[in-house]
Novice: 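Have a look at this one before I ask anything.
A, B, ... follow the sequence lines: proteins, then strands. Residue 1 opens every chain. No experiment lies behind these values; they were computed from the predicted model shown.
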There are 2 protein chains.
Amino acid sequence: MVFVKEVIDETIMEKLEIEPFSSTYKAFCVADMGCSVGPNAFYSTHNILDAVEKKFISEGFTPDQVPQFQVFFNDLPFNDFNTLFKSLPSERKYFTAAVPGSFHGRLFPDSSLHFVHSSYALHWLSEVPQEMLDKDSPAWNQGKIHYTNAPELVVEAFAAQFAKDMGTFFDARAKELVEGSMMVLTMPSTPDGIPLSNVPIGILLNHLESCLVDLAKEVTLISTLSLVYLERMLFNSIHLKLFLVQGLVSEALVDSFNVPMYSVTPKEMRQIVERNGCFSIERMEPTDCVPDPDNPATGYSITMHSRAGLEGVIARHFGAEIINELFERFLERMDDVMLSLLSCYAQGSQLTVILKRRCHN
Amino acid sequence: MVFVKEVIDETIMEKLEIEPFSSTYKAFCVADMGCSVGPNAFYSTHNILDAVEKKFISEGFTPDQVPQFQVFFNDLPFNDFNTLFKSLPSERKYFTAAVPGSFHGRLFPDSSLHFVHSSYALHWLSEVPQEMLDKDSPAWNQGKIHYTNAPELVVEAFAAQFAKDMGTFFDARAKELVEGSMMVLTMPSTPDGIPLSNVPIGILLNHLESCLVDLAKEVTLISTLSLVYLERMLFNSIHLKLFLVQGLVSEALVDSFNVPMYSVTPKEMRQIVERNGCFSIERMEPTDCVPDPDNPATGYSITMHSRAGLEGVIARHFGAEIINELFERFLERMDDVMLSLLSCYAQGSQLTVILKRRCHN
């Protein structure tokens, strides 16, 4: 994420207001929203604090006049904070705290933060849109697990949930951030006018959907076989595994499963920020994940990455037992999607938004 | 701990300075040092915040002028913060954060705390005094696991380590607490002039020592038996258990084990606070654990309580395998010590110290 770092560095140098720190504030408080267990959060924090420090020095502060830093790592209460704490960099130059709770609500006292950062967390919705949970609703998403290639009503339900979630996020942060302070948000994005099915998140969710649907179909088939077949299946490991997940992956269970994830367009993001009204957009641009030529993405690395992100939500719906079988299929069939995945990486599939808390609002 | 609550309530009402909150500060920040996994920390925090709120109201603040509260729960990084977060009271009226790290060093930015609380944590030393680790030192604590009934050199080494630890604790807190703010510390204590062997902590450590020493002696005896005996022992569960812990509880291992715990006297505590110089003693008094008549202490409850507090430090030295065997013995022989334990409860075996951060220091 070299490009994100450059954008953040430049904006901090140009736009961060440090004048209040010569008089009003003592510590510079940073919150990382959706930190998971590290180490990405530590890396991002390190980069931000480096840029902030440079800005202070460039304004004539001596190194010992630069404020002390306090970093709050936030994630949901069931995040593994024990692992986070054990892996904290020993050479860090900031005071550390962890804050459990949903960033869709209040987490900090009024005007207590000077910088908020969030990377690859805001695309997770607080919940599946309610319409998707009603079997009789026209938005019931039969045979599908996401809004990619779905009917318009489904797409609208996801978009509305995202707008609502970002609304509560901005409302809470507007109260917690001091006036003039900054917020940097990076998330997966769909460029304006491009269908979701052409960006990585859409391609991967479609791929996952096809693996899940196939699994459900095969399981349904097997469950109708007579018990005479059972003995033979026991000698066939693939069928045995399918038999073991029987009941866990039914077609009905796939119908009621929706990955609570949204890939916002720049246009939508601008509208949501403007509707809130407490923040000015200092910078908003697609910041591509530049592929590392020494370490190119492989089917295996993409599968592991997808598994890390998705297995929690899948296991909560289907049970943890299906995870291995599902991602073995996901990996086996990666060839089907690698070409489209690799060719779409340069199309602006992530967005970085840099906001400033307006004064007197 | 009803009596502690009363002392804290009274002192907050009489001594807490709230004037700066009408202008300078927005949130009232409380730190609980050595919180473990709750729920005691939540109970104490609730009581303190209730008392602080009452003080604000009594000074003419309306309920919505009372500052927001932010509570930082601190313990060592290997504490189980996941459990702490999962058991946070849902009805709490404060923002929560957790801070991993030793309270013998800095944990917070300068002047960022308004109240510090610690209950039953400061009696844990940061480490066993160095002299105790040298087999050739005159302070080598052979056959003993603590300074109770030990030679004067051993007692002095423990006292010096405690004074050093409290020194680093007070140095760090003096920087972190705003001027005029308060600190309430409750810990096991030995009344001036009473030998440690007459207070609960000394009696219990002596009891543990005797169980450990016996275990080591029996194991040493068994390890000298010929293998011919092994077969017979396998039919005797007690001897089998002893055989299994063989090598884990040697006499040498007992000699090198010291429980890093100190029970301070009021006189010593006063000297340590005065040596630091940044805090005034607002109140310092023995606050007895009043036994609950509806729920009297039993051999079982005392054993479970001792095990909860001590098994970590024992397991790190001897291995977790000995814990069950050791505390089974501890419980079996509780009759030997119950009388002295029950009769000494009323003798001021805990100390509550309420300090105020001096101004301009």
Side-chain angles (χ1 to χ4, degrees), chain A residues 21 23-32 35 37-38 49 64-90 92-103 105-114 172 175-179, chain B residues 21 23-32 35 37-38 49 64-90 92-103 105-114 172 175-179:
Chain A
F21 280 91
S23 54
T24 320
Y25 307 118
K26 288 197 160 184
F28 189 94
C29 298
V30 178
D32 187 281
C35 61
V37 297
L49 298 189
D64 61 341
Q65 285 172 330
V66 173
Q68 296 175 331
F69 295 118
Q70 187 169 31
V71 178
F72 295 90
F73 294 103
N74 154 259
D75 214 311
L76 291 168
F78 59 71
N79 184 48
D80 186 356
F81 287 96
N82 290 348
T83 296
L84 179 86
F85 286 158
K86 276 173 202 140
S87 54
L88 276 167
S90 54
R92 66 191 185 274
K93 53 185 175 184
Y94 49 85
F95 296 105
T96 307
V99 173
S102 163
F103 49 53
R106 285 294 300 275
L107 296 167
F108 298 91
D110 290 352
S111 304
S112 62
L113 295 178
H114 306 103
K175 293 197 177 75
E176 294 164 357
L177 279 155
V178 303
E179 292 182 352
Chain B
F21 280 90
S23 54
T24 320
Y25 308 118
K26 288 197 159 182
F28 189 94
C29 298
V30 178
D32 187 281
C35 61
V37 297
L49 298 189
D64 60 343
Q65 285 172 331
V66 173
Q68 296 174 333
F69 295 117
Q70 186 169 31
V71 179
F72 295 90
F73 294 103
N74 156 259
D75 214 311
L76 291 168
F78 58 71
N79 184 49
D80 186 357
F81 286 96
N82 290 348
T83 296
L84 179 85
F85 285 158
K86 277 174 202 139
S87 54
L88 277 166
S90 53
R92 65 191 184 275
K93 53 183 176 185
Y94 49 85
F95 295 104
T96 308
V99 173
S102 163
F103 50 52
R106 287 293 300 275
L107 295 167
F108 298 91
D110 290 352
S111 304
S112 62
L113 295 178
H114 306 102
K175 294 197 177 75
E176 294 164 357
L177 279 155
V178 304
E179 293 182 352

Novice: Select one option (side chain, backbone, both, neither) describing which atoms of A:Leu88 are under 4.5 Å from chain B's heavy atoms.
Specialist: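 Just its side chain gets close to chain B.
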
Novice: Relative to chain A, which segment of B:Phe72 carries a heavy atom at a distance below 4.5 Å: side chain, backbone, both, or neither?
Specialist: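 Side chain of B:Phe72 only, per the 4.5 Å heavy-atom cut-off to chain A.
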
Novice: At a 4.5 Å cut-off on heavy atoms, which part of A:Phe108 comes close to chain B: side chain, backbone, both, or neither?
Specialist: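 A:Phe108 touches chain B through backbone and side-chain heavy atoms alike.
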
Novice: Would you mind telling me which of A:Ser112, A:Ala27, A:Pro100, A:Gly101 has the largest number of heavy-atom pairs within less than 4.5 Å of chain B?
Specialist: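 Top count of heavy-atom pairs under 4.5 Å with chain B: A:Pro100.
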
Novice: I'd like to verify something: which residue of B:Pro77, B:Ser111, B:Pro109, B:Ala97 has the highest number of heavy-atom pairs under 4.5 Å with chain A?
Specialist: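 Of the candidates given, the most pairs with chain A belong to B:Pro109.
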
Novice: How long is the straight-line distance from NZ of A:Lys175 back to CD of B:Gln68, given to the nearest 0.5 Å?
Specialist: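 These two atoms lie 10.0 Å from each other.
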
Novice: Find the one option among A:Asn82, A:Asn79, A:Val99 whose heavy-atom pairs under 4.5 Å with chain B are most numerous.
Specialist: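 Going by pairs under 4.5 Å, I would pick A:Asn82.
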
Novice: Give a yes or no on whether A:Lys26 atom NZ has more than 12 heavy-atom contacts from other residues, nucleotides or ligands under 6.0 Å away.
Specialist: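 Counting neighbours around NZ of A:Lys26, 12 or fewer heavy atoms of other residues, nucleotides or ligands fall under 6.0 Å, so no.
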
Novice: Measure the spacing between CG of B:Leu107 and CD of A:Gln70 and express it to the nearest 0.5 Å.
Specialist: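 Interatomic distance, B:Leu107 CG to A:Gln70 CD, rounded to 0.5 Å: 10.5 Å.
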
